[in-house]
Amino acid sequence: MSGTLEFVSKRLTWLGPGVSRFIEKKMKAVPAVKKQIDKQYDGMMDDLEKSLKPYKGKYDAYSTLPTAGISREEVLRKMHELADQEQDRWKDGFVSGSVYNGDAEHIEFLNKVYALTSQSNPLHSDIWPSINKYEAEIISMTANMLGATNTADKICGSLSSGGTESILLAMKSYRDRAREEKGITKPEMVVPITAHAAFDKAAHYFNIKMVKIPLKDDLTVDIDKYRAAFTENTIVAIGSAPAFPHGLIDPIEELSEIARSKGVGFHTDGCLGGFILPWAAKLGYNVPKFDFTLPGVTSMSADTHKYGYAAKGTSVVLYRTEELRRYQYFTMADWPGGLYFSPTFAGSRAGALSAACWATMLSMGEEGYLKASKAILETSDKIKDGIKAIPELELIGNPLFVIAFKTSSADLDIYRVLDQMAQKHWSINGLHKPSCLHIAITLRHTMPGVAERFIADLKESVAFVKANPVSEGGMAPVYGMASSIPFRGMVTDLLTRYMDVLYKV
Ligand SMILES: Cc1ncc(COP(=O)(O)O)c(C=O)c1O
């Protein structure tokens, strides 16, 4: 990757640092300049493709169906070969988030459940009522973990394919309710800038205006600006527990009360924290209220496929009332194909994922989640202490299990530290505003020696960057570009083309 990005950064600098986005747009309108920019992009993409497609040329590629089917043994052999090359990093705990459990026996159990239910589809509830039973129970267990027992309201929900779908479903429900009940045709949502990109995606898909609230110097949301942002078109307000970038929990109690006082719904994004914060609170960690215990919280998302330890592909979206959930549903009574309904975006769905999620929750139980949370939080404490002991680094806030840190020394480029960590096999996240890195601690990091290895590698990486203040290549120049206004438009173009490359055979 680093060679590619060096190439990218060198090619982009030809525009010069003083070019604003406006000028960039104007330039693109000039055919000759557009042609030149496209040529630059094409060059970059050729290079990028090499790093994105490591198997190209080394393994058979199929752009058309094989004439005769390949034996199952051979297909499996091919797939094992690729999987074997991709397992070490996450299994050995080098990756932030991504694989939250990863224990071999747990995976084997999930695979058995998947095998048992691989043909099922909850769209056909008459054929597989077991899957509907599993889903209803997952939703109920999640709701009761997130404060449903402390309210007279009948908390309800749906199972979705992941955090993003849960958020999209909730935002669509608020939009449709506001249109139906208040006649709002120009909906707006009030969102701290640290809320997950899935909210922007919802705004993009459902034509909702994002009203983004900045952070104060301590990187907590500016509550006065949050309060002032509500208008007669506000359909929902958002808070995260915690937010992805810095792992910090928004002041959900205050934010949801502001929304309640304005007669607006409030969504707590518990995609990351939903399955760990309740247990952290029981373990005595300082966890502010964030769930349905608060009367202003009208919906939540909580990802079973993260700290719920289910296989990838499930999340829970919860609503305070069945009335609100109904705005999520789709029904059709006059289709020649028959009476049609589906509660979420997909039609047919993999019942096996719901089954594996249910099986995970039953096999973990409260004690399992408590034990896992304890191990993760203790490892996080160890890692936080290790970061605090590196003089050039500074923790952002006081996070629980998603730990962000920046540099306190003006001449240290944190993105070059990221590059050095990548050289040592680590896959941690680079963030903007401010420039910082984060690691989401999972059960993989609780294995003996992993936290110590992280800190030792981090220390070495910082020392290397300090000793070698000038270097080219890696992620650092691209992160630099992305955070500077002149180049942000170009980075967006680059990301679009990146996705095109992903689909190339
Ligand atoms: C706080 C938060 N919300 C939403 C999401 C989106 O989840 P998914 O990637 O499962 O769609 C994430 C993912 O990391 C997240 O951290």
Side-chain angles (χ1 to χ4, degrees), residues 90 95-103 105-111 113-114 117 122 131 133-148 155 157-167 169-170 196 198 240-242 244 247 268-283 287 290-292 299-318 344 349-377 380 400-402 440-446:
W90 64 260
V95 176
S96 169
S98 307
V99 177
Y100 291 80
N101 186 310
D103 170 69
E105 284 178 17
H106 179 67
I107 294 172
E108 199 185 331
F109 173 59
L110 295 187
N111 292 346
V113 174
Y114 195 97
T117 50
I131 305 296
K133 163 187 155 65
Y134 299 150
E135 293 195 351
E137 290 174 15
I138 292 165
I139 294 157
S140 175
M141 287 189 277
T142 307
N144 284 324
M145 183 184 73
L146 293 173
I155 309 299
S158 274
L159 201 67
S160 79
S161 62
T164 300
E165 191 185 356
S166 287
I167 288 167
L169 287 167
H196 195 269
S240 306
F244 176 84
T268 300
D269 180 8
C271 283
L272 262 182
F275 275 83
I276 191 163
L277 293 181
W279 314 110
K282 283 209 164 84
L283 289 164
V287 179
F290 67 100
D291 62 16
F292 288 105
S299 63
M300 284 192 74
S301 41
D303 285 358
T304 36
H305 73 186
K306 293 192 175 81
Y307 292 98
Y309 310 121
K312 270 287 169 276
T314 61
S315 163
V316 177
V317 55
L318 296 170
T344 59
R349 290 185 292 123
L353 289 180
S354 308
C357 177
W358 181 81
T360 300
M361 290 175 80
L362 287 200
S363 70
M364 292 290 297
E366 290 194 0
E367 285 173 10
Y369 283 115
L370 263 178
K371 193 170 157 217
S373 303
K374 186 168 187 286
I376 287 172
L377 291 162
S380 302
L400 276 172
F401 55 93
V402 175
I441 306 303
T442 70
L443 283 172
R444 296 286 83 203
H445 304 117
T446 67

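Note that this is a predicted model, so its numbers are computed, not measured.
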Legend entry - Heavy-atom check, side chain of Leu400 versus side chain of Leu277, under 4.5 Å: yes
Result block: side-chain N/O donor-acceptor pairs under 3.5 angstrom for residues 354-364, not counting sequence neighbours:
unit_1	atom_1	unit_2	atom_2	d
Ser354	OG	Glu135	OE2	2.6
Trp358	NE1	Glu137	OE1	2.8
Thr360	OG1	Ala356	O	2.7
Ser363	OG	Ala359	O	3.2
Ser363	OG	Thr360	O	3.0

Inset, instruction - Measure the shortest side-chain to side-chain distance between Tyr134 and Leu159 over non-hydrogen atoms and say whether it is less than 4.5 angstrom. - result: no
Legend entry - salt bridge (charged side-chain N to carboxylate O under 4.0 Å, His left out) pairs, two or more places apart, involving residues 303-312: Asp303-Lys306
Inset, instruction - Report yes or no: does His305 contribute a side-chain atom to a donor-acceptor pair with the main-chain N or O of Ala310 at less than 3.5 Å? - result: no
Legend entry - Set of side-chain hydrogen bond (donor to acceptor under 3.5 Å, both in side chains) partners for Trp279, sequence neighbours left out: none
Legend entry - Residues which pass side chain to side chain contact (heavy atoms under 4.5 Å, CB included) with Thr446, listed by chain and number, not counting sequence neighbours: Ala375, Ile376, Thr379, Leu443
Inset, instruction - Could I get the full list of salt bridge (charged side-chain N to carboxylate O under 4.0 Å, His left out) partners for Glu108, not counting sequence neighbours? - result: Lys112
Legend entry - Main-chain N/O of Phe290 paired to Thr268 side chain as donor or acceptor, under 3.5 Å: yes
Legend entry - Results of side chain to side chain contact (heavy atoms under 4.5 Å, CB included) for Asn111 - residues two or more places apart only: Ile107
Legend entry - Residue of the set Ser158, Ser161, Ser160 for which side chain to side chain contact (heavy atoms under 4.5 Å, CB included) holds with Ser166: Ser160
Legend entry - Side-chain touch Leu146/Pro278, heavy atoms, less than 4.5 angstrom: yes
Legend entry - Residues forming a side-chain hydrogen bond (donor to acceptor under 3.5 Å, both in side chains) with Thr344, sequence neighbours excluded: none
Inset, instruction - Go through the structure and list residues passing side-chain hydrogen bond (donor to acceptor under 3.5 Å, both in side chains) with Ser96, not counting sequence neighbours. - result: Asn429
Inset, instruction - Check side chain to side chain contact (heavy atoms under 4.5 Å, CB included) between Val99 and all other residues, then give those that pass, not counting sequence neighbours. - result: Trp90
Legend entry - Residues which pass side-chain hydrogen bond (donor to acceptor under 3.5 Å, both in side chains) with Ser301, listed by chain and number, not counting sequence neighbours: His267, Asp269
Inset, instruction - Please list, chain by chain and in numerical order, all residues satisfying ring pair (Phe, Tyr, Trp, His ring centres under 6.0 Å) with Phe401, sequence neighbours excluded. - result: Tyr307
Contacts table for residues 365-374: side-chain donor-acceptor under 3.5 angstrom, sequence neighbours left out:
unit_1	atom_1	unit_2	atom_2	d
Tyr369	OH	Gly308	O	2.8
Ser373	OG	Tyr369	O	2.7
Lys374	NZ	Glu378	OE2	3.0

